[in-house]
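For the numbers below, each heavy atom of this structure counts, side chains included, while hydrogens, waters and symmetry mates do not.
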Amino acid sequence: LLHGDETFLSREAFAWLRPRIMDAGLEDFNLDRFDAREGFDAERIAQAARTLPMMATKRLVWVRNAEVVFTRSKDAITPLLNYVDNPDPSSCLVFHAMARVKKNGALYKRIQKKGCVVETAPLKMREVRSWLRGRADGRKRNLSRDAADYLVEAIGSDLANLDSALERLCLFVPEPGTIELSHAQE
């Protein structure tokens, strides 16, 4: 389960997970996508998770907008509860919620017990600068403290917008350069 109030981090977590589950080039056979807002069917999701992978070792079943699933009655999600109790080891069922889900429901409790729950929370303002500098390091750039302060002051703590601004700055500062305040102010 990926959920929380910081959707950018949730999307990043899924982007990190997906290639670790999926064999390159076999997504057409081994990736099932469901959108819980569009005709939610617990039995179809559970059946997809029980399907063996084709020409690969793992299958990925991705349920987007999964916050909807966690508001359903226990009867409506019984197939999912049964699946979580006895999952197929060759499948990875990911509930990807764009908001925090209720933690007192049966499905949440079973996933927490049998699987993995990742909750993303907005970073505190003092953590945003460090996160931004880490993102620059990942792009083989240094980000000066003044440039980081300027970006956070100008954009705020919206991680998606900060990452987008950093990406644009990286286009102008070649590896392994340093992004200075003057670059950020342009």
Side-chain angles (χ1 to χ4, degrees), residues 1-124 127-128 131 134-135 138 156-164 167:
L1 168 64
L2 300 172
H3 75 115
D5 294 326
E6 185 50 70
T7 57
F8 181 81
L9 293 178
S10 180
R11 284 192 305 265
E12 288 284 302
F14 184 76
W16 177 88
L17 177 66
R18 188 173 175 167
R20 283 159 179 79
I21 301 297
M22 301 297 306
D23 290 335
L26 297 174
E27 283 192 4
D28 289 344
F29 302 112
N30 297 305
L31 173 62
D32 285 296
R33 294 178 185 95
F34 295 92
D35 190 325
R37 288 190 209 161
E38 298 174 6
F40 170 74
D41 184 343
E43 184 59 45
R44 280 188 59 221
I45 294 168
Q47 192 61 39
R50 285 189 200 99
T51 303
L52 293 174
M54 183 178 285
M55 299 183 296
T57 57
K58 291 282 185 186
R59 168 176 212 80
L60 178 60
V61 179
W62 178 23
V63 182
R64 295 175 295 191
N65 298 309
E67 60 275 9
V68 173
V69 176
F70 292 84
T71 63
R72 302 291 175 131
S73 70
K74 194 172 182 178
D75 290 338
I77 60 171
T78 297
L80 295 174
L81 293 170
N82 293 337
Y83 178 81
V84 171
D85 283 338
N86 188 21
D88 186 310
S90 66
S91 290
C92 180
L93 174 58
V94 177
F95 292 100
H96 190 185
M98 294 294 117
R100 199 173 343 165
V101 301
K102 293 189 307 185
K103 298 178 181 180
N104 60 351
L107 184 57
Y108 182 91
K109 289 177 181 178
R110 288 197 194 170
I111 292 172
Q112 188 176 40
K113 183 178 179 181
K114 302 266 186 168
C116 179
V117 175
V118 175
E119 182 175 355
T120 61
L123 298 178
K124 294 178 176 64
E127 297 170 322
V128 172
W131 175 86
R135 296 291 288 190
S157 63
D158 183 317
L159 300 185
N161 286 336
L162 285 168
D163 190 63
S164 178
E167 182 67 32

(request) Nearest 0.5 Å please: distance from the CG atom of Leu2 over to the SG atom of Cys116. (result) 8.0 Å
(message) Quick check on side-chain contact (heavy atoms from CB on, under 4.5 Å): which of Ile111, Val61, Leu60 does Leu93 satisfy it with?
(response) Val61
(request) Can you see which heavy atom on Met54 is nearest to which on Asn30, and at what distance? (result) N-OD1, 2.6 Å
(message) Does Met55, at its CE atom, have more than 12 non-hydrogen atoms belonging to other residues, nucleotides or ligands within less than 6.0 Å?
(response) yes
(request) Please name all residues satisfying salt bridge (Lys or Arg N to Asp or Glu O under 4.0 Å) with Glu6, sequence neighbours left out, ordered by chain then number. (result) none
(message) Could you measure the distance from the CD atom of Glu38 to the CZ atom of Arg64? Nearest 0.5 Å is fine.
(response) 7.5 Å
(request) Go through the steps for Leu162 and Phe8 under the test side chain to side chain contact (heavy atoms under 4.5 Å, CB included), then give the verdict. (result) CA-CA 11 Å; Leu162 285 168; Phe8 181 81; over 6 Å; no
(message) According to side-chain hydrogen bond (donor to acceptor under 3.5 Å, both in side chains), who are the partners of Arg100, at least two apart in sequence or on a separate chain?
(response) Asp5
(message) Just to verify, which of Thr51, Asp88, Asp32 counts as forming a side-chain hydrogen bond (donor to acceptor under 3.5 Å, both in side chains) with Arg59?
(response) Asp32
(request) Compare every heavy atom of Leu81 with every heavy atom of Ala106, then report the nearest pair and how far apart it is. (result) C-CD2, 3.8 Å
(request) Apply the test side chain to side chain contact (heavy atoms under 4.5 Å, CB included) to residues Trp131 and Leu9: give CA-CA distance (whole Å), side-chain angles for both, the deciding distance (0.1 Å), then the verdict. (result) CA-CA 11 Å; Trp131 175 86; Leu9 293 178; 4.0 Å; yes
(message) Once rounded to the nearest 0.5 Å, what's the spacing between atom CG of Asp35 and atom CH2 of Trp62?
(response) 9.5 Å
(message) Testing the basics here: between Ala46 and Pro79, what is the closest heavy-atom pair and its distance to 0.1 Å?
(response) CB-O, 3.7 Å
(request) Please round to the nearest 0.5 Å and tell me the distance separating atom CG of Leu123 and atom CG of Asp158. (result) 11.0 Å
(request) Please report the closest heavy-atom contact between Ala36 and Phe40, naming both atoms and the distance. (result) O-CB, 3.4 Å
(message) Run the side-chain contact (heavy atoms from CB on, under 4.5 Å) test against Asn86 and tell me which residues pass, sequence neighbours left out.
(response) none
(request) Dump the intermediate steps for side chain to side chain contact (heavy atoms under 4.5 Å, CB included) on Glu167 and Arg135, then the final yes or no. (result) CA-CA 9 Å; Glu167 182 67 32; Arg135 296 291 288 190; over 6 Å; no
(request) Taking all heavy atoms of Lys58 and all of Pro89, pick out the closest pair and write down the distance. (result) NZ-O, 2.8 Å
(message) Nearest 0.5 Å, please: how far is CG in Asn82 from CD in Glu43?
(response) 9.0 Å
(message) Taking ring-ring contact (aromatic ring centres under 6.0 Å, His included) as the criterion, tell me which of Phe70, Phe14, Tyr108 meets it with Phe95.
(response) Phe70
(request) With side chain to side chain contact (heavy atoms under 4.5 Å, CB included) as the test, would you mind laying out the steps for Glu27 and Arg18 before giving the verdict? (result) CA-CA 10 Å; Glu27 283 192 4; Arg18 188 173 175 167; 2.8 Å; yes
(message) Restricting to non-hydrogen atoms, name the atom on Pro53 and the atom on Ser90 that form the minimum distance, rounded to 0.1 Å.
(response) CD-OG, 3.3 Å
(request) Indicate yes or no: at least one non-hydrogen side-chain atom of Arg11 is less than 4.5 angstrom from one of His96. (result) yes
(message) Just so I know, are the side chains of Glu119 and Val101 near enough to count as touching, which here means a heavy-atom distance under 4.5 Å?
(response) no
(message) As a quick check of understanding, evaluate salt bridge (Lys or Arg N to Asp or Glu O under 4.0 Å) for Glu67 and Arg37, giving each step before the final call.
(response) CA-CA 9 Å; Glu67 60 275 9; Arg37 288 190 209 161; 3.3 Å; yes
